[in-house]
Amino acid sequence: MQTLKIGTRGSPLALAQAHETRARLMQAHGLPEQAFEVVPISTSGDRIQDRPLSEAGGKGLFTKEIEEALLDGRIDIAVHSSKDMPTVLPDGLELITFLPREDARDAFIGKKVKRIVDLPRGAVVGSSSLRRQALLRRMRPDFEVVIFRGNVQTRLRKLDEGVAEGTILAYAGLKRLGLEHVVTDLMPLEDFPPAPGQGAIGIEARIGDRDVERMLAAIHHVPTGQALTCERAFLAALDGSCRTPIAGHATVAGEKLSFDGLIISPDGTESHEVRLEGEAADAAEIGLDAARRVRARAGAKFFDGWA
């Protein structure tokens, strides 16, 4: 029996996601743990800590080295946080499988207050996400928003050190790390919409690798795949990257899909929203239509300077 090599970033959250993938494959195929090898790979995004990702090159910094290992055969599959995935993948690779989505909401972690609305005027809030920064500024223009880079544990440590009075992190990641207890409040989806792909684990493979395709098919969650198809189509049509504050969230109930999308200026002063519903089988078309509508609503000048 050949060992299936699972490539991942080396952060605690990334490893937890790789281990969840391994556990699902073991259960689906009745295989022992030794049939799989988790291969941590250091990425540029992990190493660059002195500036925002939007200045360093965007989402691809978290996937480049892993995808190189996938293309040259050092690993067989790559496990990613879907929200970190660029909309254009390297030739020869495809995002083929999604695990059941976790809670997509953002979580607030406050040191002196439990709710973000209770922070004092001029409070310092840390975030590395342009989307979260823009939403924070829209919510409270008085906030001083500072860059918070690093993995979950690093950001929590910065909070303990007093770098900020609060921060926003993905609830899904905290749950996967068993850190739900640090959450002091959850942000409502309607007020603080998530990044496209947030809460979903995506698995990338080489196109045409039939053995891997058959293995992964057994753990693919169809509704999550449909939701992510819609969200990624929306993002792609708007040229979404770490340089663009875009939110998008699709839900699937039976054969029906509902999508909420938002684009917002980095300073939070202007935003445009869209909501569409349709057949889940038309997920990509719904995402593209939503992007066209919100772009028309915002006008071409809205996007000036985003990159």
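FYI, the numbering just counts along the sequence from 1.
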Please give me the minimum heavy-atom distance between [X] and [Y], naming the atom from each residue.
X: Ile96; Y: Ala205; result: CG2-CB, 4.1 Å
X: Gly208; Y: Glu94; result: N-OE2, 4.4 Å
X: Ala78; Y: Ile66; result: CB-CG2, 3.5 Å
X: Arg140; Y: Asp142; result: NE-OD1, 2.8 Å
X: Ala172; Y: Asp103; result: CB-O, 3.4 Å
X: Ala291; Y: Ala237; result: CB-CB, 3.4 Å

To the closest 0.5 Å, what do you measure between [atom1] ([X]) and [atom2] ([Y])?
X: Glu65; Y: Ser42; atom1: CD; atom2: OG; answer: 7.0 Å
X: Leu4; Y: Leu25; atom1: CG; atom2: CG; answer: 7.0 Å
X: Lys111; Y: Glu161; atom1: NZ; atom2: CD; answer: 11.0 Å
X: Leu136; Y: Thr167; atom1: CG; atom2: OG1; answer: 8.5 Å
X: Thr87; Y: Glu231; atom1: OG1; atom2: CD; answer: 13.5 Å
X: Ile201; Y: Leu99; atom1: CD1; atom2: CG; answer: 5.0 Å

[atom1] ([X]) with more than 12 external heavy atoms under 6.0 Å:
X: Glu255; atom1: CD; result: no
X: Asp91; atom1: CG; result: no
X: Glu180; atom1: CD; result: yes

Does this structure show an ion pair linking [X] with [Y], if we count only N-O contacts that are shorter than 4.0 Å?
X: Glu277; Y: Lys256; result: no
X: Glu273; Y: Arg138; result: yes
X: Asp118; Y: Lys112; result: no
X: Glu213; Y: Arg210; result: yes

For the hydrophobic clusters of this structure (ILVMFWY residues joined by side-chain heavy atoms under 4.5 Å, transitively), does one cluster hold both [X] and [Y]?
X: Val88; Y: Leu238; result: no
X: Leu135; Y: Leu189; result: no
X: Val212; Y: Met26; result: yes
X: Ile116; Y: Val145; result: yes
X: Leu159; Y: Leu177; result: yes

Residues passing the side chain to side chain donor-acceptor pair (under 3.5 Å) test with Asp185, sequence neighbours excluded, are none

Hey, which of Glu67, Glu204, Gln17 is the one that makes side chain to side chain donor-acceptor pair (under 3.5 Å) with His80?
-> Glu204

Side chain to side chain contact (heavy atoms under 4.5 Å, CB included) evaluation trace for Thr269 with Ile264 | CA-CA 8 Å; Thr269 59; Ile264 182 169; over 6 Å; no

Are the side chains of [Y] and [X] in contact, using a 4.5 Å heavy-atom criterion?
X: Ile109; Y: Ile168; result: no
X: Glu165; Y: Leu119; result: yes
X: Val38; Y: Leu15; result: yes
X: Ile286; Y: Glu279; result: no
X: Leu95; Y: Leu89; result: yes
X: Pro86; Y: Thr63; result: yes
X: Met139; Y: Arg137; result: no
X: Phe108; Y: Leu186; result: no

For residues 291-300, the side-chain hydrogen bond (donor to acceptor under 3.5 Å, both in side chains) pairs (sequence neighbours left out) are Asp289-Arg293

Lys175: what forms a salt bridge (Lys or Arg N to Asp or Glu O under 4.0 Å) with it, not counting sequence neighbours?
-> Glu102

ring-ring contact (aromatic ring centres under 6.0 Å, His included) partners of Phe259, counting only residues at least two apart | Phe234

Whether [X] side chain and [Y] backbone form a donor-acceptor pair below 3.5 Å:
X: Asn151; Y: Thr154; value: yes
X: Thr184; Y: Lys114; value: yes
X: Ser82; Y: Ala200; value: yes
X: Ser11; Y: Ala14; value: yes
X: Arg176; Y: Leu13; value: no
X: Gln226; Y: Ala283; value: no
X: His29; Y: Met215; value: yes

Will you find, in the side chains of [X] and [Y], an N or O donor that is under 3.5 Å from an N or O acceptor?
X: His272; Y: Glu270; answer: yes
X: Arg9; Y: Ser81; answer: no
X: Gln198; Y: Arg131; answer: yes

Kindly list each side-chain donor-acceptor pair under 3.5 angstrom involving residues 216-225, sequence neighbours excluded, with atom names and distances?
residue : atom : partner : partner atom : Å
His220  : ND1  : Phe98   : N            : 3.1
His221  : ND1  : Thr224  : N            : 3.4
His221  : ND1  : Thr224  : OG1          : 2.7
Thr224  : OG1  : Arg101  : N            : 3.2

Please report the C-alpha distance between Gln153 and Leu156 in whole Å, then the side-chain angles of each, then the deciding distance to 0.1 Å, and finally whether the side chain to side chain contact (heavy atoms under 4.5 Å, CB included) criterion is met.
-> CA-CA 5 Å; Gln153 288 78 3; Leu156 292 177; 5.7 Å; no

Could you go step by step and tell me if Leu179 and Val152 meet the side chain to side chain contact (heavy atoms under 4.5 Å, CB included) rule?
-> CA-CA 10 Å; Leu179 292 172; Val152 171; 4.0 Å; yes

Check the pair Phe36, Leu31 against side chain to side chain contact (heavy atoms under 4.5 Å, CB included), reporting the backbone distance first and the verdict last.
-> CA-CA 9 Å; Phe36 305 91; Leu31 292 169; 3.7 Å; yes

Got a list of side-chain donor-acceptor pairs under 3.5 Å for residues 120-127, not counting sequence neighbours?
residue : atom : partner : partner atom : Å
Ser127  : OG   : Ser129  : N            : 3.2

